[in-house]
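Have a look at the structure below, then the notes.
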Amino acid sequence: MAHYELRCRECGRSWGNQPRSICDECFSPLEITYDYDFVRASLAQGASDKAKFIRERIAQRPPNMWRYAELLPLPAGFESRLPVGFTPLLQAPRLAARLAGNKNDATTAAQNLYLKNDAVCLPTLSFKDRVVAVALAQAQAFGFDTVACSSTGNLANAVAAHAARLGLKAWIFIPSDLEPAKILGTQVFGANVVRIAGNYDQVNRLCSQIAEERNWGFVNVNLRPYYAEGSKTVGFEIAEQLGWRLPDNVVCPMAGGSLIVKIKKAFDELIKLGLVEEKPVKFFGAQATGCSPISTAVKTGSAEIEPQKPSTIARSLAIGNPADGHYAIRTIKHSGGWSEDVSDPEVIDSIRLLAETEGIFTETAGGVTVGCAGKLYRQDRILPEETTVLCITGNGLKTTDVLAGVYETERPIAPKLAEFEKYLNETLDTVEVAKEAAATVGA
Ligand SMILES: *Cc1c(COP(=O)(O)O)cnc(C)c1O
Ligand SMILES: [Zn+2]
């Protein structure tokens with residue numbers, strides 16, 4: 001018997017372990033529940049100071065997401081050969097200084113702002129590697145030889161890569177207008193890529209129908225409850241990397257709304273196991289204005305999602321009818337948090353701001369997070385003295401198209417010192433002229 005099983009989120013009915021995501025009784029989503037006494041006992045091994053022993057035991061394990069294996073729905077005897085996760089948690093003083101308003105605030109914020117950098121999550125440079133790692137472990141245990149997904153891009157990359165490594169066949173369904181780097185970054189792993197002339201929500205509906213017909217493991221359809229648990233590792237890592245302490249605020253980008261809900265679940269589990277002290281954590285959602293069904297609901301005080309037709313450069317977040325939208329709204333509201341959204345030009349400015357201040361090149365989703373965080377500081381919903389973590393979930397090299405035309409292509413110069421000196425003088429002149437012009441406008 002496994003120490004976890006599927007249970008209906010609403011009626012509580014238990015469904016054991018099987019590839020299924022919806023309760024047949026009440027049509028609500030299923031979620032994994034654990035026997036926490038068993039988890040605590042197997043981690044503590046009879047130690048007298050259980051919390052201290054468990055924290056030290058976890059700290060001694062290899063630096064990847066499998067260090068929290070007991071809190072994931074993994075098949076008996078599962079051993080991963082792929083070190084996913086345990087990405088850096090970085091202080092971001094220079095970004096903080098730009099996001100927080102006046103000078104005093106900026107100095108204080110500089111001490112307290114952190115970035116969880118999944119732009120460097122391995123192997124495919126987004127947090128989706130975490131969810132896929134768990135989903136495919138179960139796909140193998142359930143006996144699937146073919147895995148599949150509907151994707152806004154990053155999930156496609158992750159499923160294709162992990163499937164290649166495990167020797168599974170992969171079918172990937174994507175909206176036809178995805179960024180070229182995300183399409184190529186799926187095809188390269190030998191996956192079958194099916195481009196659909198439609199948006200993500202249409203692709204997803206098609207996948208639900210295909211899942212009824214074929215014996216395939218769809219990571220975000222019939223394996224969705226297992227997939228979603230992988231997101232908890234972001235929360236576990238944030239707490240451990242803060243020294244087994246919870247932050248005051250988390251700012252999280254939202255597509256289907258699963259990640260933000262699961263970071264909250266991770267914190268609750270750590271509290272339940274006595275590994276961190278209980279304290280209030282505010283959850284802040286971030287979306288692009290062109291696809292903001294969750295943030296719109298939060299702002300208008302609605303408990304339900306009104307589906308939208310996405311129109312934004314933040315393609316990885318472009319889900320108009322988010323599967324976990326209802327639970328994301330609840331997580332945000334119950335925590336005393338809020339949700340914001342930013343326009344496409346703000347996304348681009350924020351990508352550049354993060355790169356120029358902290359040396360991290362994020363994709364559009366990260367621009368959404370940074371842009372929304374700036375708004376939240378300016379609204380005093382996030383205070384400079386509070387420990388705040390921004391979730392940077394994907395890598396900028398996958399969405400370079402959005403920066404096309406932002407930078408001038410430099411004219412090449414001859415490989416001669418004199419040429420360079422001339423070039424430098426011209427460039428400095430231009431900078432001076434621009435500065436003077438700006439000063440004149442300012443005065
Ligand atoms: C999928 C994705 C998200 C959002 O995840 P959900 O759990 O669906 O809300 C955020 N950022 C990036 C880069 C993603 O690919
Ligand atoms: Zn039910």
Side-chain angles (χ1 to χ4, degrees), residues 6-15 20-31 87 116-121 124-132 135 149-159 174 178-179 182 185 200-201 204 219-220 224-225 227-235 251-265 283 285-288 291-295 305 312-329 331-332 339 347 351 362-370 372 390-399:
L6 293 169
R7 208 165 288 169
C8 175
R9 260 165 153 165
E10 298 303 329
C11 77
R13 185 179 158 173
S14 150
W15 288 91
R20 154 188 295 277
S21 63
I22 300 287
C23 172
D24 272 357
E25 304 276 312
C26 73
F27 304 104
S28 300
L30 303 182
E31 176 173 50
T87 56
K116 180 60 175 161
N117 187 15
D118 268 17
V120 293
C121 194
T124 65
L125 308 179
S126 89
F127 98 93
K128 290 296 199 303
D129 286 318
R130 302 170 182 274
V131 290
V132 170
C149 70
S150 54
S151 174
T152 58
N154 286 313
L155 187 61
N157 298 166
V159 170
I174 54 170
L178 274 197
E179 298 93 338
K182 284 187 179 158
Y200 173 83
D201 299 284
N204 194 244
V219 302
N220 55 346
R224 187 171 179 88
Y227 148 104
E229 288 292 293
S231 288
K232 289 192 311 191
T233 58
V234 176
V251 185
C252 182
M254 304 182 296
S258 173
L259 175 60
I260 194 167
V261 173
K262 293 296 176 170
I263 294 176
K264 160 78 173 148
K265 184 177 183 186
F283 286 85
Q287 296 204 293
C291 182
S292 51
I294 305 177
S295 90
I305 293 293
T312 170
I313 57 168
R315 301 256 172 77
S316 56
L317 303 181
I319 298 185
N321 190 10
D324 291 296
H326 169 74
Y327 297 99
I329 296 168
T331 297
I332 292 165
S339 190
V347 171
I351 290 173
T362 185
E363 69 149 78
T364 46
V368 168
T369 303
V370 170
C372 288
L390 311 188
C391 298
I392 304 302
T393 46
N395 194 295
L397 292 173
K398 295 193 196 184
T399 62

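The analysis underlying the following values was restricted to heavy atoms, covering all of them including side chains, and did not include hydrogens, waters or symmetry mates. In each ligand, atom 1 is the first atom listed, and ligand 1 is the first ligand listed. Residues take their numbers from the sequence shown, with the count starting at 1.
Neither side chain, Gln287 nor Ser339, offers a donor N or O lying under 3.5 Å from an acceptor on the other. Thr87 and Asn117 are not linked by any side-chain donor-acceptor pair at a separation below 3.5 angstrom, with hydrogens and angles left out of the test.
Inter-residue side-chain proximity for Thr124 and Asn154 is flagged as unmet; no heavy-atom pair is nearer than 4.5 Å.
For the pair Arg7 and Trp15, the cation-pi test (distance below 6.0 Å, angle within 45°) is failed.
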Please tabulate protein-ligand N/O pairs under 3.5 Å for ligand 1, atom names and distances to 0.1 Å.
| unit_1 | atom_1 | unit_2 | atom_2 | d |
| --- | --- | --- | --- | --- |
| ligand 1 | 7 (O) | Ser258 | N | 3.3 |
| ligand 1 | 7 (O) | Leu259 | N | 2.8 |
| ligand 1 | 8 (O) | Gly256 | N | 2.8 |
| ligand 1 | 9 (O) | Ala255 | N | 2.9 |
| ligand 1 | 9 (O) | Gly256 | N | 3.3 |
| ligand 1 | 9 (O) | Gly257 | N | 2.8 |
| ligand 1 | 9 (O) | Ser258 | N | 3.4 |
| ligand 1 | 11 (N) | Thr393 | OG1 | 2.6 |
| ligand 1 | 15 (O) | Lys128 | NZ | 2.8 |
| ligand 1 | 15 (O) | Asn154 | ND2 | 2.9 |

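A donor-acceptor pair under 3.5 Å is absent between the side-chain atoms of Ser231 and the main chain of Leu259, judged by distance alone. Although no hydrogens or angles enter the test, the distance criterion places no donor-acceptor pair under 3.5 Å between the side chain of Asp118 and the main chain of Gly394.
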Please evaluate residues Arg130 and Glu229 with respect to the criterion salt bridge (Lys or Arg N to Asp or Glu O under 4.0 Å), reporting the C-alpha separation (whole Å), side-chain torsions for both, the decisive distance (0.1 Å), and the verdict.
CA-CA 9 Å; Arg130 302 170 182 274; Glu229 288 292 293; over 6 Å; no
Please evaluate residues Glu25 and Arg13 with respect to the criterion salt bridge (Lys or Arg N to Asp or Glu O under 4.0 Å), reporting the C-alpha separation (whole Å), side-chain torsions for both, the decisive distance (0.1 Å), and the verdict.
CA-CA 8 Å; Glu25 304 276 312; Arg13 185 179 158 173; 2.7 Å; yes
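Distances from the Zn ion (ligand 2) under 2.8 Å pick out these protein N/O/S atoms: Cys8 SG, Cys11 SG, Cys23 SG, Cys26 SG.
Only one option out of Val251, Thr362, Val347 pairs with Thr369 in a side-chain contact (heavy atoms from CB on, under 4.5 Å); it is Val251.
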